[in-house]
S.K.: 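Okay, handing you the structure first.
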Amino acid sequence: MTNLSNLVVDPSRLEETMAENDCESEGTQRMLELMRNSKFEVMRVYLPDAGSSDNCEWVDIGHAQYANRAEEAIVKVDREYLSHLMAKHSRLHIYHFHPSAYFTKCTDKITCGGLPVPTTPDKTSEDALISNLRYSMPSPNDIAFMMDISRQFDQHGHVRGIMRHRVITPYGIADYSLTKQGMERLKDLGMEGEKGRFGFDTYIKVRISYALLEIGEIIKSNPHDILGTLKELAGKLSNEYVIVTYTPF
């Protein structure tokens, strides 16, 4: 049975799916190792144009982390330094992880299907499975942060710039971004909204929250297929404004 303590990701697998070179792949592997023992989220930026694999540059932009329960976990971002990075670089890959402490460990290797999640039909296990799948996706707040930072990146005049947002989980990596239509909509409406009206970020957060409520139905259409469920769930979170993809390890 694969579990969180012995999960090893082949760097070449990461490179094939999303990492651009050994530097990004190895940095992601280090974040995976940290994820196993951390009680709070960590956020780092990979700078693709800062050098080569021999001159690798990752920057930690998180500070003042706090965690009690998963739903209370907080990582504050050094926004001033991130703004400095956006002014200096036209390509940024922003990573954070959801710690393994968020996820329910599996003790039954027969019903686990080789993954550290419960798949048995009783209510407790089903609730735990739903929780694990939810934490495998970017949260509504993750999406809202991505939108805000994307707007700021655009304001730096990076017409051909690239910013990627990724969350690392025990089963793979979720990649999420605004579509072209979403970026245009964000420019028109802004994040804050007008008097008494919801901002665009609130509208998107509500849509994402409703999509996450469909996990139970998605599980039924993918019995004992956790990876299939994750891919379908990513599709449910996607809409005309936001796109989410999930790459399993």
Side-chain angles (χ1 to χ4, degrees), residues 1-19 24-44 46 62 65 67-75 93-120 124-143 164-176 212 215-216 218-219 222-237 244-249:
M1 178 184 71
T2 301
N3 59 47
L4 296 177
S5 62
N6 63 19
L7 178 64
V8 176
V9 178
D10 181 357
S12 65
R13 168 64 177 160
L14 284 173
E15 191 168 345
E16 288 172 7
T17 56
M18 57 179 56
E24 185 170 12
S25 167
E26 290 166 4
T28 306
Q29 176 68 48
R30 285 194 291 272
M31 288 192 72
L32 268 168
E33 293 166 358
L34 182 61
M35 176 190 71
R36 297 188 189 106
N37 299 312
S38 178
K39 293 182 179 179
F40 48 78
E41 298 183 11
V42 169
M43 184 169 287
R44 291 176 178 170
Y46 170 63
Q65 295 98 335
N68 182 15
R69 295 179 300 178
E71 60 270 23
E72 296 175 346
I74 297 172
V75 55
H93 295 182
I94 301 179
Y95 286 85
H96 77 284
F97 61 65
H98 290 168
S100 61
Y102 288 15
F103 296 81
T104 301
K105 310 300 187 296
C106 179
T107 57
D108 187 340
K109 58 187 176 183
I110 295 176
T111 59
C112 276
L115 291 170
V117 293
T119 57
T120 49
T124 302
S125 291
E126 184 175 343
D127 286 348
L129 174 57
I130 289 173
S131 176
N132 280 14
L133 293 171
R134 178 165 61 89
Y135 285 123
S136 292
M137 293 290 127
S139 70
N141 285 336
D142 290 338
I143 298 290
R164 301 191 184 284
H165 293 259
R166 290 165 175 164
V167 55
I168 302 171
T169 78
Y171 318 122
I173 299 177
D175 191 301
Y176 50 105
L212 288 171
I215 294 176
I218 297 173
I219 291 173
N222 297 277
H224 305 291
D225 180 9
I226 305 304
L227 299 184
T229 301
L230 286 167
K231 288 184 176 181
E232 184 174 342
L233 180 56
K236 290 288 186 181
L237 266 61
V244 181
T245 59
Y246 197 87
T247 302
F249 293 137

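Numbers for residues simply follow the sequence, beginning at 1.
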S.K.: Rounded to the nearest 0.5 Å, what separates atom CE in M43 from atom CG in D142?
M.R.: 7.0 Å
S.K.: Using only atom types and a distance under 3.5 Å, with no angle test, would you say the side chain of Y46 pairs donor to acceptor with the backbone of Y95?
M.R.: no
S.K.: Just verifying a value: how many Å separate L237 CG and T245 OG1, rounded to the nearest 0.5 Å?
M.R.: 11.5 Å
S.K.: Measuring from L233:CG to I218:CD1, what's the distance to the nearest 0.5 Å?
M.R.: 4.5 Å
S.K.: To check you understand the geometry: which heavy-atom pair defines the closest contact between I130 and I215, and what is its length?
M.R.: O-CD1, 3.8 Å
S.K.: Heavy-atom distance under 4.5 Å between the side chains of P248 and L230, does that happen here?
M.R.: no
S.K.: Could you tell me how the ring of H165 sits relative to the ring of Y176: parallel (under 30°), tilted (30 to 60°) or perpendicular (over 60°)?
M.R.: tilted
S.K.: Any side-chain heavy atom of V167 within less than 4.5 Å of one from S139?
M.R.: no
S.K.: Out of curiosity, R134 CZ to S136 OG, how far, rounded to the nearest 0.5 Å?
M.R.: 10.5 Å
S.K.: Classify the side-chain pair Y246/T169 by whether it contains a donor and acceptor separated by less than 3.5 Å.
M.R.: yes
S.K.: On a heavy-atom basis, which atom in V42 and which in M31 lie closest, and how many Å separate them?
M.R.: O-CE, 3.8 Å
S.K.: Look at E24 together with R164 and state whether they make a salt bridge at an N to O cut-off of under 4.0 Å.
M.R.: no
S.K.: Measure the shortest side-chain to side-chain distance between T28 and I173 over non-hydrogen atoms and say whether it is less than 4.5 angstrom.
M.R.: yes
S.K.: About how many Å separate CD1 of I219 and CD of E232, when rounded to the nearest 0.5 Å?
M.R.: 10.5 Å
S.K.: With rounding to the nearest 0.5 angstrom, report the CZ to CZ distance, R44 to R30.
M.R.: 7.5 Å
S.K.: Hey, are the side chains of M35 and P170 touching, using non-hydrogen atoms and a 4.5 Å cut-off?
M.R.: yes
S.K.: If you compare all heavy atoms of P99 against all heavy atoms of S38, which two are closest, and at what distance to 0.1 Å?
M.R.: CB-O, 3.2 Å
